[in-house]
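To find a chain, count down the sequence lines: A is the first, B the second, and so on, and within it residues start at 1. Source: prediction; values computed, not measured.
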Amino acid sequence: MEKEFFETDVVIIGAGPVGLFAVFELGLLDMKCHVIDILDKPGGQCAELYPEKPIYDIPGMPSVLGMELVDSLMKQIEPFNPSFHLSSMVQEIKKIDDVFWEVKTDNNEVFKAKAVVIAGGGGSFLPKKPPIKEIENFENNSVFYSIKNKERFRDKDLVIVGGGDSALDWALNLESIAKRVTLVHRRDQFRAAPDSVKKIFSLIEDNKIDFVIGQVSSLNGKDGILESLKCKTSDEEVEVKCDALLPFFGLTMKLGPIANWGLNLNENLITVDTEKFETNEKGIFAIGDINTYPGKLKLILCGFHEAALMSQQAYKYVYPGEKLTFQYTTSSSDLKKKLGVS
Amino acid sequence: MTKINFIEFNGVEHSVDVDDGNTVMEAAIKNNVPGIDADCGGATACATCHVYVDPAWAEKTGEAEEMEKDMLDFAFDVEDNSRLSCCIKVSSELDGLTVRLPEKQF
Ligand SMILES: Cc1cc2nc3c(=O)[nH]c(=O)nc-3n(C[C@H](O)[C@H](O)[C@H](O)COP(=O)(O)OP(=O)(O)OC[C@H]3O[C@@H](n4cnc5c(N)ncnc54)[C@H](O)[C@@H]3O)c2cc1C
Ligand code: FES
């Protein structure tokens with residue numbers, strides 16, 4: 001894949017509520033942002049874990065659903081027109097010179113920025129790996145938790161495991177390319193878009209895909225290449241030919257690459273000061289659930305406060321030597337202009 | 001206070017006391033019982049609080065609701081007695097409840 005280059009004032013890692021609000025606070029101070037998240041949508045935990053649950057402790061909002069909060073934040077930051085890079089995981093942060101940082105993703109994106117804000121929450125949302133014996137020996141050759149290139153599955157025997165949208169979407173998508181798709185799920189009900197469920201049942205009926213009710217119990221192959229696997233059903237164990245296994249059990253949060261960036265950590269959290277929320281590296285900030293300091297609470301409102309104070313210091317890196325005057329959005333004609341409400 | 005017993009995959013037992021109204025997941029987390037991740041904090045959205053209910057208690061804990069059954073699809077090694085522990089409310093009825101933990105929550 002070709003590398004893509006971007007230059008901006010600030011790169012924000014994590015599009016959770018705190019990363020989103022950081023766009024606003026930085027924007028008020030004229031800093032342009034690019035926001036990167038491994039999820040395919042903004043909102044972090046609010047969007048992935050509890051979109052339909054009410055939150056009761058956002059100041060001024062007696063009750064707001066996780067997804068409503070995300071939608072409102074997206075609306076609030078619209079005037080600043082941030083660029084989003086979703087389904088991308090930040091792998092590396094490197095200092096280039098006295099001014100710039102370089103941030104690289106697993107999608108071959110390279111960013112050059114004067115400040116980096118880590119709003120990584122509980123870490124990257126990554127696919128759950130089912131505890132099947134020796135599964136890690138086959139990862140990347142024969143076991144895949146996400147799919148970037150469908151072509152590699154052409155004319156292969158595929159086993160797709162799971163009963164949610166990802167499992168069904170890929171079964172539908174790969175059925176015509178693969179030699180044979182076997183769908184393995186623990187029951188004959190699916191928790192997915194009704195349309196996909198209908199299509200899957202008709203493919204099963206037409207004998208276009210195989211369906212096994214059960215779970216994968218063991219893998220068989222050598223040198224990292226799968227040949228077959230066994231599925232445990234309610235009354236027997238069946239062997240299924242398999243070149244590639246695609247398990248879809250949803251996502252879980254793992255700290256991920258953040259651990260390798262040379263930042264001071266305390267129990268997997270980045271230590272920061274409480275004036276600027278800066279890490280041990282000048283110009284790299286950490287806000288929201290990912291940071292720790294005496295008295296830290298993992299609350300959205302605390303992350304919002306951190307975003308505001310962080311922005312004051314980030315300004316000094318983006319506009320060195322320039323003086324910052326404190327202003328209210330209510331009354332400053334300057335700020336109102338930026339928000340498009342003057 | 002109600003007593004709940006957790007048996008880790010490796011056989012280690014933990015017996016904890018918890019106020020009624022908590023969930024079995026909360027009983028584990030509040031008492032630092034290892035083996036329950038509970039990523040979503042009890043929102044029935046992560047399936048990382050999976051437990052096996054001792055068959056003797058199956059009747060008292062009742063049947064999983066539809067949403068919990070759906071979410072169990074995202075747990076591994078699901079058996080007939082699998083439940084999400086954040087969906088089991090503790091009451092005096094369940095005093096002495098025993099649940100086993102899976103090898104891993106993922
Ligand atoms: C069920 C539940 C209920 C909650 N209820 C409340 C409540 O009532 N009130 C309250 O204040 N808080 C509540 N919280 C906590 C609140 O959701 C968190 O405090 C908040 O989400 C933290 O926001 P964040 O932006 O710091 O991180 P997150 O929301 O965790 O977002 C971080 C994002 O960063 C991404 N990321 C991490 N590393 C990388 C990387 N290397 N590359 C790319 N992307 C990366 C992740 O994929 C994720 O999307 C609740 C949490 C849960 C789970
Ligand atoms: S804690 Fe997430 S489903 Fe129970």
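- To the nearest 0.5 Å, atom SG of residue Cys302(A) and atom NZ of residue Lys298(A) are 12.0 Å apart.
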Show me the donor-acceptor pairs within less than 3.5 Å that the side chains of residues 27-44 of chain B make with the rest of the protein, sequence neighbours left out.
residue: Lys30(B); atom: NZ; partner: Asn22(B); partner atom: OD1; Å: 2.5
residue: Asn31(B); atom: ND2; partner: Ala27(B); partner atom: O; Å: 2.7
residue: Asp39(B); atom: OD2; partner: Thr252(A); partner atom: OG1; Å: 2.6

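- Salt bridge present: Lys296(A) and Glu306(A) bring a charged side-chain N and a carboxylate O closer than 4.0 Å.
- In terms of heavy-atom pairs under 4.5 angstrom with chain A, the leader among Thr48(B), Asp80(B), Val78(B) is Val78(B).
- Contact of Lys53(A) with chain B is made through the side chain alone, with heavy-atom distances under 4.5 Å.
- Of the two parts of Asp77(B), the backbone and the side chain both hold a non-hydrogen atom closer than 4.5 Å to a non-hydrogen atom of chain A.
- Residue Val161(A): no heavy atom, backbone or side chain, is found under 4.5 Å from chain B.
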Would you be so kind as to tabulate the donor-acceptor pairs closer than 3.5 Å made by side chains of residues 189-196 of chain A, with sequence neighbours excluded?
residue: Gln189(A); atom: OE1; partner: Arg187(A); partner atom: NH1; Å: 3.3
residue: Asp195(A); atom: OD2; partner: Lys199(A); partner atom: NZ; Å: 3.2

